[in-house]
Amino acid sequence: MSLPGAAELAGTHHLTDLHRSMDRWFSEVARVLPWRSPDCSPWGILVSEVMLQQTPVVRVLPVWEDWMERWPEPADLATQPAGEAVRHWGRLGYPRRALRLHAAAVAIVKQHGGRVPDTHASLLSLPGVGDYTAAAVAAFAFGRRETVVDTNIRRVHARLVSGLALPAPSLTASEMRLAESLMPDDVELSVRWNASVMELGALVCTARSPKCSDCPVRDSCGWLAAGEPPPTYTPKGQAWHGTDRQLRGAVMAVLRVADSPVAPELFERPAADLGFAADGAAVPLAALHRLNSAPEQLERALEGLLRDGLAEMHDGGLRLPA
DNA sequence: AACCCGTGGCT
DNA sequence: TAGCCAAGGGT
């Protein structure tokens with residue numbers, strides 16, 4: 001038992017018709033994004049792909065612009081302390097990505113002469129670059145024919161081909177095979193196809209409230225043909241309130257704005273209680289205090305940040321890595 | 001393989 | 001409002 005192949009798509013479209021419909025739609029409605037510009041360097045595309053991991057486009061845009069102006073090439077970032085990458089990551093979330101992007105820049109300089117490598121395998125060896133990002137950079141920066149499968153593409157395939165409301169909880173081998181079978185053979189068309197399916201998932205074939213009336217391939221959609229069956233499982237939500245992640249985030253918000261190491265006692269009690277004058281970190285410190293966490297949890301959060309290299313001790317205080 | 005890792009907009 | 005969700009990766 002396997003997913004239906006490309007020849008068994010619902011409706012009457014052939015695969016080439018599907019490619020044509022998607023390509024036309026993409027050229028008409030695709031968003032204008034700086035990392036899609038022909039002028040954008042492979043480094044710019046790599047940075048965008050890492051920033052876009054689990055993070056919406058609108059939040060990435062200003063940070064990406066700042067990074068590109070600040071560090072136009074891998075070597076520009078590689079010569080900086082890792083903490084600068086984390087600081088200028090701002091509130092994008094998952095700051096370990098900034099750390100890994102910095103490590104990737106160092107690796108690009110030391111092992112690839114300062115140029116972003118151009119094959120899937122060599123990209124995959126970079127810190128913070130997994131199968132998706134390696135495929136995306138190889139395709140969008142270097143024009144390669146790659147099986148690019150992200151959450152958007154998975155959802156489009158699940159609906160269009162498999163007739164399901166949502167893809168499986170985690171990426172399966174059969175999904176990769178399906179994605180491969182759907183791609184145009186032509187290299188340049190394959191790049192356009194990957195971008196357009198991703199864009200369709202982002203703009204039209206969304207997780208909730210898909211805009212099927214705007215869909216260029218609705219007549220071929222297996223999910224619509226099946227009468228829009230509901231999901232066969234309920235995704236488990238991501239806990240947030242009261243978690244270590246929330247506390248780590250609050251600590252990182254303090255470290256990003258602090259201009260000197262922060263004494264650990266300041267994380268536990270307001271500076272006024274300890275006789276310190278408030279500095280630039282007063283606001284995020286107050287936010288941290290409002291979380292009212294257990295001392296044990298705070299200790300766990302700090303240990304985690306140290307272990308992950310997001311923070312380090314210096315002069316008895318905590319700071320971003322130098 | 002299951003779990004962990006930030007953040008904020010949207011419904 | 002509380003939960004869902006986002007161009008995933010590492011362990």
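Residue numbers start from 1 in every chain, and the chains themselves are labelled A, B, ... in the order their sequence lines are given, proteins ahead of strands.
Of all the heavy atoms in Arg36(A) and Ala30(A), the pair that sits closest is NH1-CB, 4.1 Å.
The residue Leu33(A) sits close to a base: some heavy atom pair falls under 4.0 Å. Counting any heavy atom pair closer than 4.0 Å across all strands shown, Ser209(A) reaches no nucleic acid atom. Among the heavy atoms of the strands lying under 4.0 Å from Gly93(A) is at least one base atom, whether or not backbone atoms are also near. Contact annotation for Trp89(A): no contact, since no heavy-atom pair falls under 4.0 Å across all strands. Contact annotation for Asp308(A): no contact, since no heavy-atom pair falls under 4.0 Å across all strands. Residue contacts for Leu92(A): at a heavy-atom cut-off of 4.0 Å it reaches a base atom on one of the strands shown. Here Val50(A) lies out of heavy-atom contact (under 4.0 Å) with every strand.
For dC4(B), the OP1/OP2 oxygens have no side-chain nitrogen or oxygen of Thr243(A) closer than 4.0 Å. Residue Lys236(A) places at least one side-chain N or O under 4.0 Å from the OP1 or OP2 atom of dC3(B). Checking the phosphate oxygens (OP1, OP2) of dT7(B), a side-chain nitrogen or oxygen of Arg256(A) falls inside 4.0 Å. Side-chain nitrogen and oxygen atoms of Gln53(A) include none within less than 4.0 Å of the OP1 or OP2 phosphate oxygen of dA7(C). Here Arg96(A) does not reach the OP1 or OP2 of dG9(C): none of its side-chain N or O atoms lies under 4.0 Å away. Contact check, Arg155(A) against dA6(C): a side-chain N or O comes under 4.0 Å of OP1 or OP2.
For Asp244(A), taking side-chain heavy atoms from C-beta onward, the closest of the listed nucleotides dA7(C), dG8(C), dC5(B) is dC5(B). Considering only side-chain atoms of Tyr132(A), the nucleotide from dA6(C), dG8(C), dC4(C) that sits closest is dG8(C). When the nucleotides dA7(C), dG8(B), dG9(B) are ranked by their closest atom to the side chain of Arg208(A), dG9(B) comes out on top. Distance from the side chain of Ala207(A) is smallest for dA6(C) among the nucleotides dA7(C), dA6(C), dG6(B). Between dG6(B), dA7(C), dA6(C), one nucleotide has an atom nearer to the side chain of Arg97(A) than all others, and that is dG6(B).
The CG-P distance, from Leu291(A) to dG6(B), rounds to 14 Å in whole Å. At whole-Å resolution of the value, CD in Gln238(A) and P in dA2(B) are 17 Å apart. Here the P atom of nucleotide dT7(B) and the CE atom of Met252(A) are 8 Å apart, to the nearest Å. If you take CG of Leu123(A) and P of dA7(C), they are 21 Å apart, rounded to a whole angstrom. Arg154(A) places its CZ atom 13 Å from the C1' atom of dA7(C), with the value rounded to the nearest Å. Protein atom CZ of Arg307(A) is 10 Å distant from nucleotide atom C1' of dC5(B), rounded to whole Å. Look at CG on Leu203(A): it is 13 Å from P on dA6(C), rounded to the nearest Å. One interatomic measurement links the two molecules: CG of Leu101(A) to P of dG8(C), which rounds to 15 Å at whole-angstrom precision.
Across the P atoms, dG8(B) and dG9(C) are found 22 Å apart, a figure rounded to whole Å. Only the P atoms considered, dA7(C) is 15 Å distant from dT11(B), to the nearest whole Å.
Proximity of a side-chain donor or acceptor of Asp186(A) to a complementary backbone N or O of Glu188(A) within less than 3.5 Å is detected.
With hydrogens and angles left out, the side chain of Arg59(A) and the base of dT7(B) share a donor-acceptor pair within 3.5 Å. The base of dG6(B) is paired with the side chain of Thr55(A) by a donor and an acceptor separated by under 3.5 Å.
With a 6.0 Å radius and a threshold of 12 heavy atoms from other residues, nucleotides or ligands, Glu28(A) has its CD atom above the threshold. Counting non-hydrogen atoms of other residues, nucleotides and ligands closer than 6.0 Å to CD of Glu84(A) gives a total above 12.
A salt bridge links Asp17(A) with Arg20(A): at least one charged nitrogen is closer than 4.0 Å to a carboxylate oxygen. A salt bridge does not link Asp244(A) with Arg248(A): none of the charged nitrogens is closer than 4.0 Å to a carboxylate oxygen.
Side-chain contact, Thr147(A) with Glu180(A): a donor N or O sits under 3.5 Å from an acceptor N or O.
Between Ser48(A) and Val129(A), the residue anchored nearer the 5' end of DNA chain C, judged by the nucleotide with its closest heavy atom, is Ser48(A).
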